[in-house]
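The structure appears right after this line, and notes come after that.
Protein chains get the first letters and strands the later ones, always in sequence-line order, with residue 1 at the start of each.
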Amino acid sequence: MKMRTFLFLAIVVLAGTGGDLAVTHAMKQIGEVKSFSPRALLGVMWRALKSSWIWLGIALMTVAFFALLAVLSWAPVSFVVPATAANYVVGAMGARFLLKERVSQTRWAGLLLVTAGVVLVCAAR
Amino acid sequence: MPSSRNLLAKTIPLLILVPVFGSLGNVLLGKGMRGMGKIPDLSIPSLAAYLLKILSSGWIWLGIGSLLIFFVSYMLVLSWADYSYVMPITAIGYVLAPLLAHIFLGEVVPGKRWAGAVFIFLGVAVVGRTPPSTTGPV
């Protein structure tokens with residue numbers, strides 16, 4: 001694998017999961033949504049738009065999106081897309097160490113099954 | 001924290017909306033963009049005209065609407081559920097796509113893809129057995 005491909009894949013995975021983790025953190029700060037009335041939902045969205053974590057998350061997701069477009073312009077889709085399944089493992093580590101979620105052995109087992117499945121689904125031609 | 005039954009009653013519907021509207025949005029955007037042709041050149045007027053053409057497509061707006069529903073559902077479920085719970089479970093979208101393509105479009109789905117779908121299905125079932133939320137409010 002070319003150095004440049006590896007670097008851009010790393011950006012896709014790290015910025016993508018970083019974006020998800022930032023959005024999760026913002027929503028945990030806003031707190032559990034209990035009412036789903038339109039008025040309550042608008043209130044939640046308004047609070048979310050005022051959170052800098054949400055904007056950090058959106059910025060990181062944007063970086064991941066353009067890095068993915070870039071790497072797809074030279075590396076084969078059949079390699080790039082299955083490789084982004086690394087998101088599941090990196091995301092779970094971020095959830096464990098940054099968000100302090102309790103990732104039990106059962107959850108790890110499920111995560112690894114999902115990761116293997118995504119690689120297989122995306123690699124199949 | 002509410003009882004786990006209450007929590008699942010609102011977690012499950014959102015966990016269905018996320019992959020459904022996420023993949024629907026991508027398909028609609030793809031359908032909209034397919035009719036656009038290539039970008040003529042990189043001058044400001046032709047880029048502006050191209051953007052206007054994209055924004056006048058109904059498919060594009062349906063796609064944007066779907067992705068908006070996807071993102072709001074994702075944010076709502078993450079307000080109480082673990083990221084390490086939501087993220088693997090929403091991978092069920094990878095199972096839905098070949099299944100729907102097979103049933104409705106009669107597409108031949110390669111064996112490797114079915115095998116992957118089975119792995120994902122089992123993984124989602126295993127993660128689904130863990131409690132959705134293991135952290136309190138921040």
Side-chain angles (χ1 to χ4, degrees), chain A residues 17 20-36 40-41 44-45 47-48 51 53-54 57-58 61 82 85 87-96 98-125, chain B residues 1-2 6-7 9-11 13-14 68 71-99 108-138:
Chain A
T17 53
D20 276 351
L21 293 169
V23 167
T24 307
H25 184 67
M27 293 315 293
K28 290 291 181 320
Q29 282 183 329
I30 288 171
E32 182 184 343
V33 176
K34 292 192 165 122
S35 162
F36 294 87
L41 291 183
V44 170
M45 287 307 129
R47 286 176 67 191
S51 156
W53 284 101
I54 287 282
I58 292 175
M61 288 173 183
N87 273 329
Y88 291 94
V89 175
V90 175
M93 307 247 262
R96 162 77 182 76
L98 299 174
L99 302 175
K100 313 288 181 206
E101 291 176 6
R102 282 197 295 272
V103 185
S104 60
Q105 285 183 356
T106 311
R107 188 173 285 179
W108 266 118
L111 263 157
L112 293 177
L113 278 170
V114 167
T115 309
V118 171
V119 172
L120 275 172
V121 165
C122 296
R125 280 286 105 193
Chain B
M1 210 178 286
N6 260 339
L7 202 59
K10 61 178 184 178
T11 305
L14 286 170
L68 214 58
F71 199 61
V72 169
S73 313
Y74 194 50
M75 284 165 68
L76 291 177
V77 74
L78 286 174
S79 81
W80 66 82
D82 284 0
Y83 175 59
S84 59
Y85 176 85
V86 171
M87 169 246 311
I89 287 187
T90 50
I92 199 79
Y94 287 105
V95 178
L96 294 178
L99 208 61
V108 180
V109 177
K112 218 167 157 190
R113 188 162 286 174
W114 285 126
V118 169
F119 270 71
I120 295 172
F121 186 79
L122 291 175
V124 168
V126 170
V127 173
R129 293 175 61 90
T130 64
S133 170
T134 64
T135 59
V138 185

_Quick check: do A:E32 and B:L7 have side-chain heavy atoms less than 4.5 Å from each other?_
yes

_Under 3.5 Å donor-acceptor, A:K28 side chain and B:T135 backbone_ = no

_Would you say that A:V118 contacts B:F119 through its side chain, given a criterion of any heavy-atom pair below 4.5 Å between the two side chains?_
no

*Under 4.5 Å heavy-atom distance to chain B, tell me which part of A:S104 shows up: side chain, backbone, both or neither.*
side chain

*Do A:W108 and B:V126 touch side chain to side chain, with heavy atoms closer than 4.5 Å?*
no

_I'd like to check the side chain to side chain donor-acceptor pair (under 3.5 Å) partners of B:T11; sequence neighbours left out, ordered by chain and number._
B:W80

*Does any N or O in the side chain of B:K10 come within less than 3.5 Å of the main-chain N or O of A:V33, such that one atom is a donor and the other an acceptor?*
yes

*How close do A:C122 and B:Y94 get, heavy atom to heavy atom, and via which atoms?*
SG-CE2, 3.8 Å

*Side chain, backbone, both or neither: which part of B:A125 has a heavy atom under 4.5 Å from chain A?*
neither

_Minimal non-hydrogen separation, A:L120 against B:A115, with atom names_ = CD1-C, 4.2 Å

*Considering non-hydrogen atoms only, spot the tightest contact between A:V121 and B:A117 and give its length.*
CG2-N, 3.6 Å

_Tell me if a side-chain donor or acceptor on A:R107 pairs with a main-chain N or O of B:V127 at a distance below 3.5 Å._
no

*Before giving the answer on side chain to side chain contact (heavy atoms under 4.5 Å, CB included), spell out for B:M75 and A:I54 the whole-Å C-alpha distance, their side-chain angles and the decisive distance to 0.1 Å.*
CA-CA 10 Å; B:M75 284 165 68; A:I54 287 282; 3.9 Å; yes

*Does the side chain of B:S84 come under 3.5 Å of the side chain of A:E101 through a donor N or O and an acceptor N or O?*
yes

*By a 4.5 Å heavy-atom criterion (distance strictly below it), what part of B:F121 contacts chain A: side chain, backbone, both, or neither?*
neither

